[in-house]
Each structure stands twice: as structure tokens, then as C-alpha cells.
Amino acid sequence: MTATMKPLATLGLTLALLSACGTGDRSTLVTVAQTVASGVTAKPRQPTTMADLRRDATPDTIAALGGTVLLVEAPQLGLASGFVPVAQNGDVLTWHTQNGQSAVSLRSGVIVATRGFGYDLVSSSIPTALLNRREATAGTKIMQHLDGENRIVSTTYNCNYTRENSVLHERCHAAEHAFHNTYQIDGSGRIKASRQWVSPQIGYLVMETVT
């Protein structure tokens, strides 16, 4: 089932929009803000932070957007944006920016694909331990990325999982590099906030669901 993407800025949420025209070219990642009151496009401003997104995501704005917004920050790129849900395919929910040029697909809150960032994550498996939110369990994660020539490169990571109160830690490594993801789990077992690694060029995405 595909939902209609609601424009963020025209409903009162002034957020930066991520867009990318070519893989690996950081200069193509642009930030756009819109002035809602006047209905005209404002001049590009400096990239926002997660703190800016939280400030702009007022209860009235979130309600106007359908009740749920995914706040996403890419610290390594110096960019942040609000995403709205646009498509559900089985248990995978895809979120887009307003312009539709950047997307994040999540399965039970875990990133399985990105689009529009450059050097995107084409697909990712999710170990059972992560899906079940278990600790002290090992698993294998296979991630496929686009390289600088738009070729798919597959890497297998060995991962371990530990739990500290409401935070689940995922530590994975391969021959080339390693990463440490964190997931904040609520009382019903859902991921409410997280810091998840995407690729060496993109780095981590810090995400928070607000309702």
C-alpha cells in the first residue's frame, strides 16, 4: 500500500531537504528551507541539526503531517531532514523527504536501504538477534552498497549484541571496517530512536520517530 507523500514545508514544518544527483558527490547534497507563511522558497540556509528538527516538530505540525515524522540527521554530511512515510511493502516502511529524492527504508526500525544520499545502501539483511531485540547473541549481517561507479559491493559483517537497560548495542566488523549501532527500545519492543551506520561515505544516520 502506497500513501501520498505530504509536503512538509507547506504544512508548517520548515526543515532541510536532502537531495543528491550523483553517487559520491557531496557537493550535490543541497539544503533547502521554505518560508511557509509567505508561500515562497527561501534562500538555502545552513544544514540543520537534530536539535533544530526537534524544535520545529511541534505537536500541531506533526498532527498536520499525519501523526508521525521521522527525524533524520547525517552528522558526517552535516545535514538533517524530516521524512514522512510514503510506502509499505510487507514489513518494510519507506520514508521520503518532501522532494522525494532521498529515502530511507526500515524494517522494524532497522535500516535496510537508502536512496539519494550517494554511496547508498542497496540492501541489508537483519540478524534474528536484532529483530528479536535480544542481547548476548551473535549474528551475521550482509550489506550491499553502491561504489563510486554504481556497482554493487557486498560485505559480510560479524555482529554481537548486548543490552543496557532500554538500549540495544550492535557491534559489527569485517576486514575493511567496523561499526557500532545503538537502538533505543520502548516498552513494547519498538525502536524509537537509533544511530545506524550506512556506509563509509555517508557514515551514521541518527533517527528519531516523533508522534
Side-chain angles (χ1 to χ4, degrees), residues 18 23-24 26 49-51 53-54 68 70-81 83 85 88-95 102-148 151-211:
L18 299 173
T23 297
R26 188 178 183 276
T49 65
M50 181 63 76
L53 298 182
R54 291 191 186 112
T68 305
L70 181 68
L71 307 183
V72 180
E73 180 184 12
Q76 185 169 306
L77 301 179
L79 297 171
S81 182
F83 286 59
Q88 181 87 43
N89 184 7
D91 59 355
V92 176
L93 180 60
T94 297
W95 304 72
S102 295
V104 177
S105 295
L106 306 177
R107 181 185 177 196
S108 298
V110 181
I111 297 176
V112 293
T114 65
R115 296 293 183 271
F117 290 88
Y119 293 99
D120 280 301
L121 177 64
V122 177
S123 68
S124 176
S125 63
I126 304 178
T128 302
L130 181 54
L131 282 178
N132 293 341
R133 319 293 194 232
R134 295 205 310 255
E135 64 175 334
T137 307
T140 299
K141 174 176 280 192
I142 301 174
M143 303 179 75
Q144 294 186 320
H145 295 93
L146 288 177
D147 67 7
R151 297 174 302 189
I152 296 177
V153 177
S154 181
T155 306
T156 300
Y157 297 88
N158 295 315
C159 304
N160 289 288
Y161 301 88
T162 57
R163 185 83 176 257
E164 294 180 4
N165 297 319
S166 63
V167 179
L168 179 66
H169 295 265
E170 178 185 41
R171 296 176 174 86
C172 304
H173 66 276
E176 297 83 2
H177 46 260
F179 57 88
H180 177 193
N181 294 338
T182 56
Y183 306 88
Q184 184 175 339
I185 314 297
D186 67 12
S188 63
R190 293 175 297 184
I191 295 173
K192 298 295 293 182
S194 63
R195 176 179 179 267
Q196 303 184 47
W197 186 82
V198 176
S199 69
Q201 295 79 12
I202 297 172
Y204 289 89
L205 293 186
V206 179
M207 303 187 297
E208 181 178 328
T209 304
V210 292
T211 57

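We number each residue from 1, following the sequence as shown.
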Participant: Return the minimal non-hydrogen interatomic distance between Y204 and P75, and the atom names on each side.
Facilitator: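 Minimum heavy-atom separation between Y204 and P75: O-CD, 3.3 Å.
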
Participant: Can you run down the disulfide (SG to SG under 2.5 Å) pairs that involve residues 168-201, sequence neighbours left out, and say none if there aren't any?
Facilitator: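 Passing the test, one end in residues 168-201: C159-C172.
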
Participant: Minimum heavy-atom separation for G139 and P127, please, with both atom names.
Facilitator: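 Residues G139 and P127, closest heavy atoms: CA-CB, 4.1 Å.
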
Participant: Go through the structure and list residues passing side chain to side chain contact (heavy atoms under 4.5 Å, CB included) with T68, not counting sequence neighbours.
Facilitator: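 Counting only residues at least two positions away or on another chain, T68 forms a side chain to side chain contact (heavy atoms under 4.5 Å, CB included) with W95, T209, T211.
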
Participant: Please round to the nearest 0.5 Å and tell me the distance separating atom CG of L131 and atom OG of S108.
Facilitator: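 It comes to 5.5 Å.
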
Participant: Could you list the residues that satisfy side chain to side chain contact (heavy atoms under 4.5 Å, CB included) with T182, not counting sequence neighbours?
Facilitator: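 Testing T182 for side chain to side chain contact (heavy atoms under 4.5 Å, CB included), a comparison that skips the adjacent residues, returns V167, H169, H180, R195.
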
Participant: What residues form a side chain to side chain donor-acceptor pair (under 3.5 Å) with S123, not counting sequence neighbours?
Facilitator: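 Once residues adjacent in sequence are excluded, the partners of S123 under the side chain to side chain donor-acceptor pair (under 3.5 Å) criterion are Q144.
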
Participant: Sequence neighbours left out, what passes side chain to side chain contact (heavy atoms under 4.5 Å, CB included) with S124? Give chain and number order.
Facilitator: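 Counting only residues at least two positions away or on another chain, S124 forms a side chain to side chain contact (heavy atoms under 4.5 Å, CB included) with L121, K141, M143.
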
Participant: Measuring from L79:CG to T49:OG1, what's the distance to the nearest 0.5 Å?
Facilitator: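 Rounded to the nearest 0.5 Å, the CG-OG1 separation comes out at 11.5 Å.
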
Participant: Distance check, rounded to the nearest 0.5 Å: N181 atom CG versus I111 atom CD1?
Facilitator: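 That separation rounds to 7.5 Å.
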
Participant: Could you state the interatomic distance from CG (L205) to CG (L77), rounded to the nearest 0.5 Å?
Facilitator: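 CG of L77 is found 8.0 Å from CG of L205.
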
Participant: Step by step, work out the side chain to side chain contact (heavy atoms under 4.5 Å, CB included) result for L106 and V92.
Facilitator: CA-CA 5 Å; L106 306 177; V92 176; over 6 Å; no

Participant: Evaluate the criterion side chain to side chain contact (heavy atoms under 4.5 Å, CB included) for residue pair N89 and T94; output intermediate values, then yes/no.
Facilitator: CA-CA 8 Å; N89 184 7; T94 297; over 6 Å; no

Participant: Would a 4.5 Å heavy-atom cut-off, applied to side chains only, mark Q76 and I202 as touching?
Facilitator: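 No, side chains not in contact.
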
Participant: Which atom names give the shortest non-hydrogen contact between S194 and Y183, and what distance separates them?
Facilitator: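 Of all heavy-atom pairs spanning S194 and Y183, the closest is CB-CD2, 3.9 Å.
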
Participant: From L168 CG over to T162 OG1, what is the distance, rounded to the nearest 0.5 angstrom?
Facilitator: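 So the CG of L168 and the OG1 of T162 are separated by 7.0 Å.
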
Participant: Does some side-chain heavy atom of V104 sit less than 4.5 Å from a side-chain heavy atom of M207?
Facilitator: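 Answer yes - side chains close enough.
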
Participant: Is Q88 reaching over with its side chain to a backbone N or O of G90, donor-acceptor style, under 3.5 angstrom?
Facilitator: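 Here the side-chain-to-backbone pair exists.
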
Participant: Using every non-hydrogen atom in the two residues, find where L93 and P85 come nearest and quote the distance to one decimal.
Facilitator: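 In this case the closest contact between L93 and P85 is CD1-CB, 4.1 Å.
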
Participant: Counting N and O atoms only, with roles assigned by atom type, does the side chain of Q201 sit under 3.5 Å from a partner on the main chain of Y119, one being a donor and the other an acceptor?
Facilitator: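 Between the backbone of Y119 and the side chain of Q201 there is no qualifying donor-acceptor contact (under 3.5 Å).
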
Participant: So which pairs with a foot in residues 104-114 pass salt bridge (charged side-chain N to carboxylate O under 4.0 Å, His left out), sequence neighbours left out?
Facilitator: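 The answer is D91-R107.
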
Participant: Rounded to the nearest 0.5 Å, what separation is found between the CZ atom of F179 and the CZ atom of R171?
Facilitator: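 F179 atom CZ to R171 atom CZ measures 12.0 Å (nearest 0.5 Å).
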
Participant: Under the salt bridge (charged side-chain N to carboxylate O under 4.0 Å, His left out) definition, can you give me all pairs with a residue in residues 202-211, not counting sequence neighbours?
Facilitator: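 Passing the test, one end in residues 202-211: R54-E208.
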
Participant: Looking only at heavy atoms, what is the nearest atom pair of A174 and T156, with distance?
Facilitator: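 Distance-wise, the nearest heavy atoms are CB-O, 3.5 Å.
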
Participant: So does G109 get a backbone contact from the side chain of Q196, meaning a donor-acceptor N/O pair under 3.5 Å?
Facilitator: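 The answer is yes, because a donor-acceptor pair under 3.5 Å joins these two groups.
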
Participant: Do any N or O atoms from the side chain of R115 and from the backbone of F117 form a donor-acceptor pair under 3.5 angstrom?
Facilitator: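 Not a single qualifying donor-acceptor pair exists.
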
Participant: Holding to ring-ring contact (aromatic ring centres under 6.0 Å, His included), I want the full list of residues that pass it with H177, two or more places apart in sequence or in another chain.
Facilitator: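 H177: ring-ring contact (aromatic ring centres under 6.0 Å, His included) contacts with Y157, W197.
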
Participant: Could you check whether any side-chain heavy atom of I142 comes within less than 4.5 Å of a side-chain heavy atom of T155, counting everything from C-beta outward?
Facilitator: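 No, their side chains stay 4.5 Å or more apart.
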
Participant: With sequence neighbours excluded, give me every salt bridge (charged side-chain N to carboxylate O under 4.0 Å, His left out) pair touching residues 152-161.
Facilitator: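 Not a single pair qualifies under salt bridge (charged side-chain N to carboxylate O under 4.0 Å, His left out).
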
Participant: Mind checking side chain to side chain donor-acceptor pair (under 3.5 Å) for S199 and listing every partner two or more places apart, or none if nothing turns up?
Facilitator: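 Counting only residues at least two positions away or on another chain, S199 forms no side chain to side chain donor-acceptor pair (under 3.5 Å).
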
Participant: Under a 4.5 Å cut-off applied to non-hydrogen side-chain atoms, are I191 and I185 in contact?
Facilitator: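 Touching, per the 4.5 Å side-chain cut-off.
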
Participant: Are any non-hydrogen side-chain atoms of V72 and S81 less than 4.5 angstrom apart?
Facilitator: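 Of all side-chain heavy-atom pairs linking S81 with V72, none is under 4.5 Å.
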
Participant: Who pairs with D186 by side chain to side chain contact (heavy atoms under 4.5 Å, CB included), at least two apart in sequence or on another chain?
Facilitator: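 Partners of D186 by the side chain to side chain contact (heavy atoms under 4.5 Å, CB included) criterion, ordered by chain and then number, come out as S188, R190, K192.
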
